[in-house]
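Convention: sequence-line order gives letters A, B, ...; per-chain numbering from 1. Excluded from the calculations below are hydrogen atoms, water molecules and symmetry mates; all remaining heavy atoms, backbone and side chain alike, are included.
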Protein chains: 2
Amino acid sequence: MVKNSGKSTENSLNERLAARGFRFTTQREHVYHVLMGHRDHPTAEQVFMRAKKGMPEISMATVYNCLGALTESGLVREVNVDPTAMRYCPNMEDHCHFYCDECGEVYDIDFDGSQPGVELPKGFQASAFELAIHGACPKCVKKQDLR
Amino acid sequence: MVKNSGKSTENSLNERLAARGFRFTTQREHVYHVLMGHRDHPTAEQVFMRAKKGMPEISMATVYNCLGALTESGLVREVNVDPTAMRYCPNMEDHCHFYCDECGEVYDIDFDGSQPGVELPKGFQASAFELAIHGACPKCVKKQDLR
DNA sequence: CTAGGTGCAAAAGGTTTGCGGTTAA
DNA sequence: TTAACCGCAAACCTTTTGCACCTAG
């Protein structure tokens, strides 16, 4: 994992936001660092709870605003794999997601060299794709086996 | 497209429901036929509106119940590609979905022979996968070009 | 200086649930 | 006969919006 100094992170964050016409704010910086602090897939609510630890006055509306700005700036991915809520993923590398229908946990799954290639009909313009796999995660498979 | 007689459809529907412990009800039959009547991806609300035409007393709660039973019975697919609402797909053949971020329309996209193959880490048990492509559909691409 | 962002509270969807009455098996 | 299902209405949860104040550029 590459480790950046705080300063360079701030600069690149500023630049990425500015490139999309967003302002650099302390809330966006904070939400960004909160997301980067865990390699998981929190809901907006979970981001809110974590963000409040270092910034108690932050509001849910601001969290949604920040998540939107970070997503549009390409710093974070929205992951629409959990039917109950949007998830946010700090891992921008090419990968897909496993959703455990038992416990609701989301896992990153690497593409082993072979991304899915689908030929779109004429006229369609793709901007992104998301491969979601549903099933049971190892923990839940074990629980089922014990029954 | 294969066309079944009403009777055989009812029988297979009954069997598929019974296999999962669901009862055969007139509401479930109706919702099933409403879904099969269009090759699109309606929201529960849209299914509700269509279902009311032939069954004015049906309720939203029942529509959700029927959609759940039909999905669990493998007669219909849930498509989680629209961030604003679950979509329901009557096409059970292997295919993926294109979501137009401009107009919100969902399109079926065929796999041209090559389904995405991803190797899951040990312990994961997959039950389904869904490939969602985001972008602009032909109609919306045209609109953008006119600007 | 001012367009854009923040915080708060209220509203707006989509989906689920509780309950009394009904029905498939 | 009875567990499952229906219809209705209320509740729930995630996400959006309106507004007064604030702040980055």
Among [options], which nucleotide sits nearest the side chain of [X]?
X	options	value
B/Arg23	C/dT23, D/dT15, C/dT6	C/dT23
B/Met86	C/dA25, C/dT15, D/dT15	C/dT15
B/Ala61	C/dT6, C/dT17, D/dT16	C/dT17
B/Ser59	D/dC6, D/dT14, D/dG7	D/dG7
A/Ile58	C/dG7, C/dA25, D/dC5	C/dG7

A/His30 and A/Arg50: side chain donor to acceptor below 3.5 Å
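No - no donor-acceptor pair under 3.5 Å links their side chains.
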Between A/Arg87 and A/Val106 (side chain of the first, backbone of the second, donor and acceptor by atom type, cut-off under 3.5 Å), is there such a pair?
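Answer holds: no.
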Report the C-alpha distance between A/Arg77 and A/Glu130 in whole Å, list the side-chain angles of each, state the deciding distance to 0.1 Å, and finish with yes or no for salt bridge (charged side-chain N to carboxylate O under 4.0 Å, His left out).
CA-CA 10 Å; A/Arg77 267 174 81 175; A/Glu130 168 82 25; 2.9 Å; yes
Is the distance between the ring centroids of A/Phe124 and B/Tyr107 under 6.0 Å?
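Under 6.0 Å, so yes.
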Base, sugar-phosphate, or nothing: which does B/Thr84 touch, judged by heavy atoms less than 4.0 Å apart?
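Sugar-phosphate only.
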Is B/Glu45 touching bases, backbone alone, or none of the nucleic acid, heavy atoms closer than 4.0 Å?
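Nothing, no nucleic acid heavy atom in range.
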When the nearest nucleotide of DNA chain D is assigned to B/Pro83 and to B/Pro56 on a heavy-atom basis, which residue is associated with the more 5' position?
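Result: B/Pro56.
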With a 4.0 Å limit, can you tell me whether [X] has a side-chain N or O closer than that to the phosphate oxygens OP1/OP2 of [N]?
X	N	value
A/Gln27	D/dT23	no
B/Tyr64	C/dT16	no
A/Thr25	C/dG4	no

